[in-house]
Amino acid sequence: MGRIVEVEAYLGPEDRASHARFGETARNRVMFGPAGRAYVYLVYGMYDCLNVVTGPDGVAAALLIRALSPLDGTDSMRVDRVLRATTRRRSLTPDQAAAAARRIERLPVARLASGPGIAAAAFGLDTGWTGVDLCDPSSPLRLERAPAAEPVPIVVTTARIGVDYAGEPWSTEPWRFVELGHASVSGPA
DNA sequence: GCAAGGATATCG
DNA sequence: GATATCCTTGCA
């Protein structure tokens with residue numbers, strides 16, 4: 001379990017940075033369905049990224065979960081991180097794999113899910129989780145309302161990360177939302 | 001600074 | 001069918 005501290009918003013087909021920019025395809029089909037479902041895709045051949053479908057039925061919008069502050073199950077997160085780091089790399093020598101495992105074992109808790117690829121890895125997610133209803137209280141993967149935080153977190157916006165290819169204005173719109181100063185946030189605050 | 005993965009959308 | 005590209009990460 002973790003608290004979401006960094007997300008990015010992706011709009012419909014007009015958003016040139018969104019997977020919906022080519023219209024409905026086999027990969028992004030769930031984005032065009034009802035809100036509240038998971039959309040997990042593979043990027044750069046080795047990292048899965050978790051999104052929450054947000055638009056109403058027929059409108060392909062989604063929220064990319066970029067970072068979580070781990071709250072519980074951190075041992076399990078380390079196990080899944082190591083598993084992913086050592087199985088998704090074909091050209092790793094045994095020495096390199098052992099070094100990667102040691103590095104993950106030593107990571108501070110705040111860094112276990114600090115980035116879209118490693119957040120999904122920490123939760124053991126892959127593309128097979130696409131379509132799961134995140135609003136169903138009985139779902140193994142679900143969203144829950146956080147208790148009121150004290151002090152109240154300050155949320156700031158920045159441009160989205162890794163979307164320069166989309167060009168203006170999509171690459172500069174302030175559609176990344178981060179909890180200011182949180183140790184689990186990836187990239188610039 | 002850059003290579004490592006494989007799925008994907010697009011082009012011949 | 002072939003290929004450039006990708007909502008990333010951790011190394012040199």
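Order of the sequence lines fixes the chain letters, A, B, ..., with proteins taken first and strands second; residue numbering starts at 1 for each chain. Note: hydrogens, waters and symmetry copies are ignored here, and every other heavy atom, side chains too, is used.
Using a 4.0 Å cut-off, some side-chain N or O of A/R103 falls inside it from OP1 or OP2 of C/dC11.
In this entry the distance linking OH of A/Y47 with C1' of B/dA4 reads 8 Å, nearest Å. Taking atom OH on A/Y41 and atom P on C/dT5, their separation rounds to 18 Å, with Å as the unit. Here the P atom of nucleotide C/dT8 and the CZ atom of A/R176 are 11 Å apart, to the nearest Å. The CZ atom of A/R89 sits 16 Å away from the P atom of C/dT8 (whole-angstrom rounding). Atom CG of A/D126 and atom P of C/dT8 are 18 Å apart (whole Å). A straight line from CZ of A/R102 to C1' of C/dC11 spans 15 Å, rounded to a whole angstrom. The nearest whole Å value for the distance from the CG atom in A/D164 to the P atom in C/dC6 is 10 Å. Between the CG atom of A/L92 and the P atom of B/dA3 there is a distance of 16 Å, rounded to whole Å.
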Report summary line: With both pairing distances under 3.5 angstrom for Watson-Crick or G-U wobble, and | for a partner in another strand, the correct string for DNA chain C is ||||||.||||.

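In this structure, of C/dT8, C/dG10, C/dC6, it is C/dT8 that holds the atom nearest to the side chain of A/I161.
With hydrogens and angles ignored, the 3.5 Å screen pairs a side-chain donor or acceptor of A/R111 with a backbone N or O of A/A183. Looking at A/T86, its side chain does come within 3.5 Å of a backbone N or O of A/V82 through a donor-acceptor pair. Under the 3.5 Å distance criterion, the side-chain polar atoms of A/N28 are matched with a main-chain donor or acceptor of A/G23. Side chain of A/R84 to main chain of A/A122: no donor-acceptor pair is present (N/O by atom type, distance under 3.5 Å, no hydrogens or angles).
Between A/R160 and A/E8 no salt bridge is recorded (no basic side-chain N to carboxylate O distance below 4.0 Å). Here A/E144 pairs with A/R142 in a salt bridge; the nearest charged N to carboxylate O distance falls below 4.0 Å.
Considering every non-hydrogen atom in both A/A20 and A/A60, the closest pair reads CB-CB, 3.6 Å. Considering every non-hydrogen atom in both A/M77 and A/P70, the closest pair reads SD-CB, 3.8 Å. Nearest approach of A/V30 to A/T130, heavy atoms of both residues: CG1-CG2, 3.7 Å.
Using cut-offs of 30° and 60° for the angle between ring planes, the A/W175 and A/W170 rings count as tilted.
Contacts with DNA chain C (heavy atom under 4.0 Å) in residues 179-189 of chain A: none are found.
Remark: A/R27 fails to qualify as a cation-pi partner of A/Y39 under the 6.0 Å distance and 45° angle criteria applied to the six-membered ring.
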Query - Chi angles and distances behind the side chain to side chain contact (heavy atoms under 4.5 Å, CB included) call for A/L71, A/R3 - result: CA-CA 7 Å; A/L71 293 176; A/R3 188 159 56 84; 4.2 Å; yes

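For the pair A/L107 and A/A20, both in contact range of DNA chain C, the more 5′-proximal nearest nucleotide belongs to A/A20. Both A/A99 and A/Y10 sit near DNA chain C, but only A/Y10 has its closest nucleotide nearer the 5' end.
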Report summary line: Under a 4.0 Å heavy-atom criterion, the protein footprint on nucleotides 6-12 of chain B, written with B, S and -, is B-SSS--

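At a threshold of 4.0 angstrom between heavy atoms, the contacts of A/R81 are confined to the sugar-phosphate backbone, with no base atom among them.
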